[in-house]
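Below is one structure, written out as structure tokens; comments come after it.
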Amino acid sequence: MENLLPKNGVVNLFENAFTFETATNYFKILKFEVNWRADEIQVYGKRYVMNRKAAWYGDREFQYKYSGRVKTALGWTPLLLEIKNRVEQITGFTYNSCLLNFYNDGSDGMSWHSDNEKSMLPNGAIASVSFGANRIFHFKHKSEEIKKSFMLSSGSILLMRGEVQQYWLHALPKTKKVSQPRINLTFRTFID
């Protein structure tokens, strides 16, 4: 499997991990089955409610600190376990939690960040699954002038592992070209 990054970590893209029909069906079920909550961020002490909605599920009630808020993982649904099993089979890694994001359309995005929380397995694998609208996903190196971009299509899995979170930032930019919603699932491994 080709590494899509030139250095400092490994990124693989499994473009057709789920068929179009399966991805479409999963999107419809997840849209209504998941316990979506408005995502909030804290910037310079001020709280902002985002249009993007989020949810977190896992093996147990992991505590996840994000932007000044604490989230507690809910128990897996049967569909999330089914998706998790497929992701583990394809990527060769196991995961104990999943952060889900619901993007209403291209006006919702995610700014530059790394998934490097101390409660996550250092240099662990993160599998990002896309259902719904196709979106561009960017990487940029933290200390060198290197950028990479990939189209994430519905049913794809983007696998980030090794030193990716240490050396790279990633983002889902906002765009006026996308009018359809997208659900993203990022399977992760949390530690105690």
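Atom set for the values below is all heavy atoms of this structure, side chains included, hydrogens, waters and symmetry mates excluded.
For E88, the salt bridge (charged side-chain N to carboxylate O under 4.0 Å, His left out) partners at least two apart in sequence or on another chain are K84. With sequence neighbours excluded, no residue forms a side chain to side chain contact (heavy atoms under 4.5 Å, CB included) with P78. The side chain to side chain donor-acceptor pair (under 3.5 Å) test applied to W36 returns no partner, not counting sequence neighbours. The side chain to side chain donor-acceptor pair (under 3.5 Å) test applied to D59 returns W76, not counting sequence neighbours. S153 meets the side chain to side chain contact (heavy atoms under 4.5 Å, CB included) test with N134, S156; sequence neighbours excluded. Residues satisfying the side chain to side chain contact (heavy atoms under 4.5 Å, CB included) test with T91, not counting sequence neighbours, are F14, V87, F93, Y95, A127, I157, L159. In this view, S130 and R182 satisfy the side chain to side chain donor-acceptor pair (under 3.5 Å) rule, not counting sequence neighbours. With sequence neighbours excluded, no residue satisfies salt bridge (charged side-chain N to carboxylate O under 4.0 Å, His left out) with K31. Applying the side chain to side chain contact (heavy atoms under 4.5 Å, CB included) criterion to S179, with sequence neighbours excluded, gives no partner residue. With sequence neighbours left out, E163 forms a salt bridge (charged side-chain N to carboxylate O under 4.0 Å, His left out) with no residue at all. Scanning for ring-ring contact (aromatic ring centres under 6.0 Å, His included) contacts around F187 gives an empty result, with sequence neighbours left out. Scanning for side chain to side chain donor-acceptor pair (under 3.5 Å) contacts around H113 gives D115, H170, with sequence neighbours left out.
Using bins of under 30°, 30° to 60° and over 60° for the plane-to-plane angle, the ring pair F18/Y26 lands in the perpendicular bin.
The shortest non-hydrogen separation linking K7 to W168 is O-NE1, 3.1 Å.
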